[in-house]
Amino acid sequence: MPVPSLPSPSALLPRAVRTAVRRSVSGLPREFWWLWTSTLVNRLGGFVATFMALYLTLERGHSASYAGLVAALHGLGGVISSLVAGVLTDRLGRRPTMLIAQVSTALSVALLGFMTHPVAIAAVAFLVGASMNASRPAVQAMMADIVRPEDRVRAFSLNYWAINLGFAVSAMAAGFIAQYSYLAGFLGEAVMTLTCAILVFVKLPESRPERSAEEQGAEDAVSLGTVLRDGRFMGVVVLSFLAALVFQQGSVGLPVAMGREGFSPADYGLVIAVNGVLIVALQIPVTRFIEHRDAGRLLTLSTLLAGYGFGLTAFAGSVGVFALTVCVWTLAEIINAPTQTSLVVRLSPVHGRGRYQGMYTLSWAVAAMVAPLMSGVVLDRWGAAWLWGACAVIGTVAAGGYWLLVRGLGEESRPTPAATGSVPLTPEPAVELTAPKRDGERDALRKLV
């Protein structure tokens, strides 16, 4: 009697769902999926960012003020490395910058687990923050290099989906690990980050476009000063900072406000879990809807939703209502993340992507430092209602800024030299990925030194 064959897992899904999934993942190059995998593995190992405060206060017995100082130093490391890594991405290359950042992260995270003196912990936490943030400009620049312009919103969306999926899984796993050994958590993150570096080394060739002599001169002319003089782009960076300031309140202002209203940590955990679940469930289908729509209108809509989503928190009196407000600003996050990152690529010259991405990353790093200070001062002096009202105002201001700056921006628009004061921008070349050239990398290292 023949054994009936079992249907494949994909055959169990409705045809419409299978079609949507196939369209969401098709047409992207193999190198993108290796980069996507490295992002997922990296986020699966996330431990330090989630449990640092608990580690310092519960395991080491330090005060909340000291934990805040360490968090600030961790953020300061990210602020500094954003710009440095952006320059390295353009000069040294995407692949070497990622390797340096990921190996440094693995070593510093492992070292942090063995530190006991308060000064040593603070110093190593600064190094961890700097090394962890250093790979972001290179990852985003490489993704822009290897993905076709019309597929970039979808690619950035899939990458953001991997970040949140990895974070959701790692947060649950890290909670169990922390019950038994914080050191195991630090070493586990170090191993996962080192695995990312191995993936990059083995599977990802350098993607920086080949440059002619004329383009080499154009690249040399693109400095951080060029980025700062690019008026439209710096306007987008400021607006990105305002949006990030609002989004950060989900992890810094919301738990404190809920705690002061008598809600337990478990209540906050349930509410904030809605954010991760919705991103995993909706990021891909929403991206299919928005990927070819006007970036200015999408960013205007997303910042309005973020501002007023947090603004509605002022009227929340139960876990259910808090969860509903999270639904509003999570939808804003789903729209904002891939659209904003794709816009940064479109406003960047090809051979200056690292510096432009570094400046964009800086806006989020600074927001991560300012947001806790903002929420602490406002909550202590005026109360939660003022904090949520401020979020609504900031979201409205950012929405107006996006409407004025990038309204009607064409799919392939680039800044003109007259408008930005930057060097002329060459047409975007098709990138042919080849095996890394060791001699070229050594030459680049010698030139850098």
*Quickly, which of I100, T193, N133 forms a side-chain contact (heavy atoms from CB on, under 4.5 Å) with T105? Name it, please.*
T193
*Verify whether one side chain among Q340 and Y402 offers a donor that lies under 3.5 Å from an acceptor in the other.*
yes
_Spacing of I394 atom CD1 and T303 atom OG1 [to the nearest 0.5 Å]_ = 12.0 Å
*For Y356 and V344, which heavy atoms make the closest approach, and how far apart are they?*
O-CG1, 4.2 Å
_Ring geometry between F310 and W329 (parallel below 30°, tilted from 30 to 60°, perpendicular above 60°)_ = parallel
*asked:* Please find the pair of heavy atoms, one from V274 and one from C327, that lie closest to each other, and give the distance.
replied: CG1-SG, 3.8 Å
*Are the side chain of T341 and the backbone N or O of P338 linked by a donor-acceptor pair below 3.5 Å?*
no
*Could you pull out all residues at least two apart from Y160 that satisfy side-chain hydrogen bond (donor to acceptor under 3.5 Å, both in side chains)?*
E333
*Donor-acceptor contact present, side-chain E206 to main-chain R208, <3.5 Å*: yes
*Can you name the nearest heavy-atom pair linking V345 to A144, along with the distance?*
CG1-CB, 3.6 Å
*Spell out, as yes or no, whether a donor-acceptor pair under 3.5 Å connects the side chain of R293 to the backbone of F289.*
yes
*asked:* With a 3.5 Å distance limit and no angle check, can you tell me whether S348 reaches the backbone of R353 through a side-chain donor-acceptor pair?
replied: no
*asked:* Please find the pair of heavy atoms, one from A141 and one from T89, that lie closest to each other, and give the distance.
replied: CB-CG2, 3.8 Å
*Atom CZ in F247, atom CG in N275: separation rounded to 0.5 Å?*
9.5 Å
*What pairs of residues pass the salt bridge (Lys or Arg N to Asp or Glu O under 4.0 Å) test when at least one of them lies in residues 298-316, not counting sequence neighbours?*
none
*So, S342 side chain and T339 main chain: donor-acceptor pair closer than 3.5 Å or not?*
no
*Do the side-chain N and O atoms of N42 and T39 include a donor-acceptor pair separated by under 3.5 angstrom?*
no
_By the side chain to side chain donor-acceptor pair (under 3.5 Å) test, which pairs, at least two apart or in different chains, include something from residues 369-388?_
R260-D380
*State whether the side chain of D90 and the backbone N or O of G354 hold a donor-acceptor pair below 3.5 Å, judged by distance alone.*
yes
*asked:* I need the T287 OG1 to L158 CG distance, nearest 0.5 Å.
replied: 7.0 Å
_L228 versus M234, closest heavy-atom pair with distance_ = O-CG, 3.5 Å
